[in-house]
Amino acid sequence: MVIVGVLAVVIGQKSMQLYFEEQTQLKNRSIAMYVTQEYKLFADTINNGHIINILARQAMIINPIAEVYLLNPQGTVISHPFPANTLQTDQVDLKPIQEFLDGSTNFPLRSTDPKQPGSDVIFSASEVIQDAQLKGYFYVVLNASGSSSLFTPLSHIGKISLLSLSIVFILSLVAGGLIIRRLSARLESLSNTMCNFSHQELMPEEPTACDKKTVTGDEIDKLSAIFSGMAERIREQIQLLTESDQRRRELVSNISHDLRTPLVSVQGYLETLVLKNHSLSQEQRLAYLLTAEKGARRLSQLISDLFELSKLEAFDGQIKKEIFSLTELIYDTAQECQPEADKKSIQLVIKCPTNNIQANADISLIQRVFENLIGNAIQHTPRHGQITITLAPPTNQSIRITIDDTGPGINDEDLPFVFERYYQSPSQSGEFTSSTGLGLAIVKQALALHQSEIQVCNKAHSGAQFTFHLLSQ
């Protein structure tokens, strides 16, 4: 707006200046002609200077800025009323004078100012003819002070123009501010809506407040930044949905693949019972029923483990941590597993330096970890063996838990794969058919949600040892 205002002032000033010069030149175009008709210039070379002085005084009385010169046919100044060495040049361009005399161009028309050669001025000119011969030209400069400005501090037109420009500028600022405010208010409303939406989950319980203070720039910049953030958040949610869908597909695939074998086994024994019901003895019928019942239990356990592992892998929120007695949890879990251990005369030993070691974790997940690890140890420990659960004293807010057994241990080539789902050692897969192959995978995922990593190694003499850490209170 300032630039446009300045350009308007400059253009207006230039237009007024041209109009002023045009009118001045039109009103005074005949001055030189009247002078040459009244005075006989070149009639007496000696008196030319005297005549020029008289004309200069008369012209300045009528128009103070008028200056008169007498030129020869080549445009050289041969007489003027000024002191010596006043003129900067004695040569005047004759082409504008010829155009002035011919009337072949529009006014204003400018030519040389002998006092200021670099500044052209409006003029009036007339030919001096004697005895039908061109003797020279009478040349009158009409604004010898140069291009006078109409917008000087004392100029009435300049004051009005500056006042008008100031009023227009102020009104434009007010109008522009109102228009911009009206537009920016709608952008601000849209920006707030997008910002609030971008901070919400797909099914939010409480919408998150939008904070745009960290975004710099105007409303458009903020809106652009919010849109970019919202687009990124949508991409993340789409990625989560894609991963969830992929896990669902894997779960369906795993269920259809892994449940087929035990289901076929149960179905086979039941069909045998139906087909050979009359030919089977009571002992054979009971054996078939027990085998089918065992397969049904394994099938139920496999389904339970599959759903639990899938739930843990899909879990992306905050686990429900609480302060609880880790010692008490271990004793309770060992007591639950004691009947299974008694079947193989396995001794469960708990080593704890104190009866009150507190942990900060999800108690249900940690209980599942102990159940799976102790159950896995019972399966792989021979009769009359021993399983030892050791709690080290807390150090640096960390509790070290180890579970080791007196079983055959794990083959070195199998160690990197024991936590993968469905993995069973080829040398032991036929021996321990009740295992679903998902227990250790569930343990690893549950501890991963606690930012804890479980490690396994073979002891020096016999058996395997599992180690992990939990945060103390």
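These numbers come from a predicted model, not from an experiment.
Looking at heavy atoms from C-beta onward, Q17 lies in side-chain contact with F20 at the 4.5 angstrom threshold. Between Q465 and V456 the shortest side-chain heavy-atom distance does not fall below 4.5 Å. Side chains of F370 and L326 form a contact here, defined as non-hydrogen atoms less than 4.5 Å apart. For the pair L348/Q338, a side-chain contact is recorded, criterion being any heavy-atom separation below 4.5 Å from C-beta on. Looking at F468 and V443, their side chains never come closer than 4.5 Å, going by heavy atoms from C-beta outward. A 4.5 Å side-chain heavy-atom check between H450 and I366 finds at least one atom pair inside the cut-off. By the 4.5 Å heavy-atom criterion applied to side chains, R249 and D245 are counted as neighbours.
Closest heavy-atom contact between I357 and T327: N-OG1, 3.3 Å. Contact detail for I378 and I346: the closest heavy-atom pair is O-CD1, 3.8 Å. The minimum heavy-atom distance between V92 and S111, with the atom names listed, is CG1-OG, 3.8 Å. Taking each heavy atom of N356 and S325 in turn, the nearest pair found is OD1-OG, 4.1 Å. Scanning both residues, I399 and I401, for their nearest heavy atoms gives O-CD1, 3.5 Å. Nearest approach of Q284 to S279, heavy atoms of both residues: OE1-O, 4.3 Å.
F107 is linked by a ring pair (Phe, Tyr, Trp, His ring centres under 6.0 Å) to F100, counting only residues two or more places apart in sequence or in another chain.
Within 6.0 Å of atom CD in E453, 12 or fewer heavy atoms from other residues, nucleotides or ligands are found, so the atom counts as exposed in its surroundings. Within 6.0 Å of the CD atom in Q397, the count of heavy atoms belonging to other residues, nucleotides or ligands does not exceed 12. No more than 12 heavy atoms of other residues, nucleotides or ligands shown are found within 6.0 angstrom of OH on Y269. Other residues, nucleotides and ligands place no more than 12 heavy atoms under 6.0 Å from the CD atom of E328.
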*Step by step, would you call L471 with K321 a side chain to side chain contact (heavy atoms under 4.5 Å, CB included)?*
CA-CA 10 Å; L471 291 177; K321 288 186 177 182; 4.1 Å; yes
*Between L415 and N458, is a side chain to side chain contact (heavy atoms under 4.5 Å, CB included) present by the stated rule, with each step listed?*
CA-CA 9 Å; L415 281 176; N458 287 315; 4.1 Å; yes
*Derivation of the side chain to side chain contact (heavy atoms under 4.5 Å, CB included) call for I122 and R110*: CA-CA 4 Å; I122 58 175; R110 297 180 179 84; 4.3 Å; yes
*Please step through side chain to side chain contact (heavy atoms under 4.5 Å, CB included) for the pair F466 and N376, ending with a clear verdict.*
CA-CA 11 Å; F466 290 85; N376 182 74; 4.2 Å; yes
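Between the side chains of N360 and Q358, no donor N or O sits under 3.5 Å from an acceptor N or O.
Note that CG of L270 is 8.0 Å distant from CD of Q267, once rounded to the nearest 0.5 Å. Residue L289 holds its CG atom at 5.0 Å from CG of L273, rounded to the nearest 0.5 Å. A distance of 6.5 Å separates NZ of K459 from OG1 of T406, quoted to the nearest 0.5 Å. A distance of 11.5 Å separates CD of E22 from CG of L109, quoted to the nearest 0.5 Å. Note that CG of L87 and CD of E67 are 9.0 Å apart. Values are rounded to the nearest 0.5 Å. Interatomic distance, CD of Q455 versus OG1 of T402, reported as 12.0 Å (0.5 Å rounding).
Side-chain N or O atoms of N372 include one that pairs as donor or acceptor with a backbone N or O of G439 at under 3.5 Å. Side-chain atoms of R383 come within 3.5 Å of backbone atoms of K343 as a donor-acceptor pair (strictly under, hydrogens ignored). D93 places a side-chain N or O within 3.5 Å of a backbone atom of K95 that can act as its donor or acceptor partner. A donor-acceptor pair under 3.5 Å is absent between the side-chain atoms of T333 and the main chain of Q367, judged by distance alone. With hydrogens and angles ignored, the 3.5 Å screen pairs a side-chain donor or acceptor of D405 with a backbone N or O of A464. Counting only distance, with no hydrogens or angles, the side chain of K351 and the backbone of T388 share no donor-acceptor pair below 3.5 Å. Using a distance-only test at 3.5 Å, with no hydrogens or angles considered, a donor-acceptor pair links the side chain of T272 to the main chain of G268.
A salt bridge does not link E236 to R233: none of the charged nitrogens lies less than 4.0 Å from a carboxylate oxygen.
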